[in-house]
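Here's the structure we're looking at; comments come further down.
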Amino acid sequence: MSSHTRFLDGLNPPQRAAVECTEGPVLVLAGAGSGKTRVITRRIAHIIGSGLADPQNLLAVTFTNKAAAEMRERVADLTGAASAREITISTFHAFCLQVLRRHISHLGYRSNFTISSEGDSHTLLRRVTDELGVQGESFDARTFQAAISLAKNTGETPDTLRDKPARNATEEKYQQHMTDVYAKYESALRAANSLDFDDLLTFTLRLWAEHPGLLAAAQKQYRYVMVDEYQDTNAVQYRLLRALVGKCRNLCVVGDDDQSIYGWRGADVRNILEFERDFPDAKVITLDQNYRSTETILAAANGVIRNNSARREKKLWSSLGKGRPIDHFVVGDEEDEAREAVNWLIQIRQKTGVSLEDFAILYRSNLQSRPFELALRQAGVPYQVYGGQDFFERAEVKDIISYLKVIANPRDETAFLRVVNVPRRGIGDVTLHLAHEICRTEGKSLGMAMAAVLERSMAPKNTEYGIRRFLGVIQRYRKRFRDLDAPLDVIARDLVRDIDYLDELQRTSRTPVQYEARAQNVEAVINALATYAAGTNHPRLHAFLDATHLNSDAGTESRQDMKRDGVSLMTIHSAKGLEFPFVFIVGMEDGSLPHERSITEGALDEERRLFYVALTRGKRHVTLFEALSRTRHGRERMCKTSRFLAEIPPELIVCQVRAAREMVEERVAPPKPKPKPKRRPPRKTL
DNA sequence: AGACCCAGGTTTTTT
DNA sequence: ACCTGGGTCT
């Protein structure tokens, strides 16, 4: 018996089958908490350990960088770090980026293309809609951005879109605008030698379609392909996979249709539901033993999810015992809800002695977090709110990144326009229009056009001076970043100094506190460069920019914010993949969960899955909170119980209405005594 | 360029 | 109720 059979130790029968079944198409239906990651990592180790393939012949695709990093770590525990390093474990986007950096010249782009962030694309789309004169009529850049992204992810091009039949005049008009904007946006990106997130996928698909030799090479290399969270794949990702495994067909997809909650972003749950249609000989393995939750929680979750029609039948079970029933609080309004939740949390802690990190408060939308933050602060309970403002979308961070992007890719117009006059150099609209004209007529990049403006003495003296300074800085640093005459972060720090950026911040900040915060963000970008440079043998500006665009938390304060600290507050969406001993699901009303808009749009199945995901985050105990009234859009409105609540078998729920009545009476009676803050607010709230 | 005002909208967000 | 974005005025 060879030593690699140890990779089968301790697996239950279906898990073991999933690991051992290495050849041909395999669909693993992995229910929540059923040991999915364990199966994938063991399977990888098994394939390598049994000599079926070398590490570089394996491709494992995940949806987040975090998942990829975790998977690599866990594989390394099994196979050793040297092997694990050779395996391609990455997100769809990172994988495609890698392909495109090498081969994009075949599509007429330069390999130093930059990635257009969502913010960049938004700016660009504003310009496009302006130039086409289609804003106004209830079409704005945001709408187009979402529509274009959806189109790209479902494989629509401006041409296919144009050919679609419209049902009425409004639709036709919209379609007309949409195709125009889409086409113009595409050509603007092309001119800027930029790709947006979605392009990373579609371009790779095109590359493979137009250059079969490249596809064949990829097929030859990746003989075993695994995909995590398969229920979240969209049409383009599906086509990429099909192309890649065309020959070997060793495709193993792992996912749970019941946890498909990203349909609104183009994820197509049919990919998992109809897997055997495309791979008739597929082996289907269901993992339904749950190692996370109590039987009560699973019974509740099962009771809810069975109301969805199009799904793979499966019933999670566990042997962890019944545990405590689900508690259901009915409270007055959102403030009562928050207060009651905090009381309840404190009570549970007194009884069980568990730590704050064991609690999560889950809500449907970010707006709902506010009252909980207030109540927790008031009670002196440390907490952490996840999600929200993206570090890389802050103005000062975008400024610095844009400088770096112009340096890395001379044609990146969005970045160029953002920083050409920051800090003020007297380069205004007039000059830029001049330059734009030269771009158009002579096919030059904006930078070259500006140089032409200088040569032809088309601008006033002080503007000329400004242009000279700007182009000089860019040129100097383009050379420095290429030659790497110093560490990346040192060069960047010089750049920030040379453009007097901190003075600019000082000028534009309203308060010293704000200035301090913004200067620190700039410092954080430089630190991120240093961190990046320290972790690689061949630091390159381009690779750093790629990482910042693909990895949303690459630049934030190291890994410190990864570890939980205090009670966790987050949306249900961001809780997917996590688990907590105690879960509070709040806002259990029609309008919140299911969300109002989903009700009108008839997207109830996905909302139900959302509730299912929320429930199955809980390990020991789940508490539901429902408010009788809630302030929505500024008005106080009465709420009806969430329709999903009735789907939980009633014997599993203990209703805590008394608490609510007391709350209401208290509110009606004399002015309530302001609860004094017992301790000073927690240091780290973020 | 910066301050001010009004209108509109208002989920979720792995990359 | 609140925030954003765009437009206008100084």
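Below, all heavy atoms of this structure are taken into account, side chains as well, without hydrogens, waters or symmetry copies. So that the names make sense, note that chain A is the first sequence line, chain B the second, and so on, each numbered from 1.
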Closer than 4.0 Å, any side-chain N/O of Thr91(A) to the OP1 or OP2 of dT14(B)?
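Indeed not, no polar side-chain atom of Thr91(A) lies that close.
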Any side-chain N or O of Ser365(A) under 4.0 Å from OP1/OP2 of dT10(B)?
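Checking Ser365(A) against dT10(B): no side-chain N or O falls below 4.0 Å of OP1 or OP2.
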Stacking between dT11(B) and His595(A), yes or no? Criterion: centroid separation under 5.5 angstrom, plane angle under 30 degrees.
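Stacking between His595(A) and dT11(B): present.
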N/O contacts under 3.5 Å, protein versus nucleotides 4-6 of chain C?
unit_1	atom_1	unit_2	atom_2	d
dG6(C)	OP1	Arg126(A)	NE	3.2

Between [options], which nucleotide gets closest to the side-chain atoms of [X]?
| X | options | value |
| --- | --- | --- |
| Arg597(A) | dT12(B), dT10(B), dT15(B) | dT10(B) |
| Arg265(A) | dT14(B), dT12(B), dA1(B) | dT14(B) |
| His633(A) | dT15(B), dT10(B), dT11(B) | dT10(B) |
| Arg424(A) | dT11(B), dG2(B), dT15(B) | dG2(B) |

Taking only the P atom of each, what is the distance from dT13(B) to dC2(C) in whole angstrom?
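Their P atoms lie roughly 22 Å apart.
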What distance, rounded to whole Å, do you find between the two P atoms, one in dG5(C) and one in dT12(B)?
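Roughly 16 Å separates the two P atoms.
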Give one of base, sugar-phosphate or nothing for [X], where a contact means two heavy atoms less than 4.0 Å apart.
| X | value |
| --- | --- |
| Glu229(A) | nothing |
| Tyr262(A) | base |
| Thr62(A) | nothing |

Rounding to an integer number of Å, can you tell me how far [X] [atom1] sits from [N] [atom2]?
| X | N | atom1 | atom2 | value |
| --- | --- | --- | --- | --- |
| Tyr363(A) | dT11(B) | OH | C1' | 13 Å |
| Leu578(A) | dT14(B) | CG | P | 12 Å |
| Arg632(A) | dC2(C) | CZ | C1' | 15 Å |
| Lys66(A) | dT14(B) | NZ | C1' | 10 Å |
| Glu504(A) | dG2(B) | CD | P | 8 Å |
| Ile572(A) | dT14(B) | CD1 | P | 15 Å |
| Leu367(A) | dT12(B) | CG | P | 6 Å |
| Asn366(A) | dT11(B) | CG | C1' | 9 Å |

With Arg101(A) as the cation and Phe113(A) as the aromatic partner, state whether NZ or CZ is under 6.0 Å from the six-membered ring centre and within 45° of the axis.
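Output yes; distance and angle both within limits.
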A cation-pi test, strictly: NZ or CZ of Arg608(A) under 6.0 Å from the centre of the six-membered ring of Phe611(A) and no more than 45 degrees from its axis. Yes or no?
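Because its charged atom misses either the 6.0 Å distance or the 45° angle limit, Arg608(A) does not stack over Phe611(A).
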Verify whether one side chain among Ser629(A) and Glu636(A) offers a donor that lies under 3.5 Å from an acceptor in the other.
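Yes, side-chain donor-acceptor contact under 3.5 Å.
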Please tell me whether Thr62(A) and Thr91(A) have a donor and an acceptor in their side chains that are separated by less than 3.5 angstrom.
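Distance-only check fails for Thr62(A) and Thr91(A).
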side-chain contact (heavy atoms from CB on, under 4.5 Å) against Pro460(A), all qualifying residues, sequence neighbours excluded
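Residues passing side-chain contact (heavy atoms from CB on, under 4.5 Å) with Pro460(A): Asn462(A), Thr463(A).
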Partner set under salt bridge (Lys or Arg N to Asp or Glu O under 4.0 Å) for Arg142(A), not counting sequence neighbours
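With sequence neighbours excluded, Arg142(A) shows a salt bridge (Lys or Arg N to Asp or Glu O under 4.0 Å) to no residue whatsoever.
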Leu610(A) or Asn421(A): which one's nearest nucleotide on DNA chain B is closer to the 5' end?
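Taking each residue's closest nucleotide, the earlier one in sequence belongs to Asn421(A).
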May I ask you to decide if the ring planes of Phe470(A) and Phe416(A) are parallel, tilted or perpendicular, using 30° and 60° as cut-offs?
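Perpendicular: the ring planes of Phe470(A) and Phe416(A) meet at over 60°.
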Parallel, tilted or perpendicular: which describes the rings of Phe544(A) and Tyr532(A), with under 30° parallel and over 60° perpendicular?
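Tilted, since the angle between the ring planes falls between 30° and 60°.
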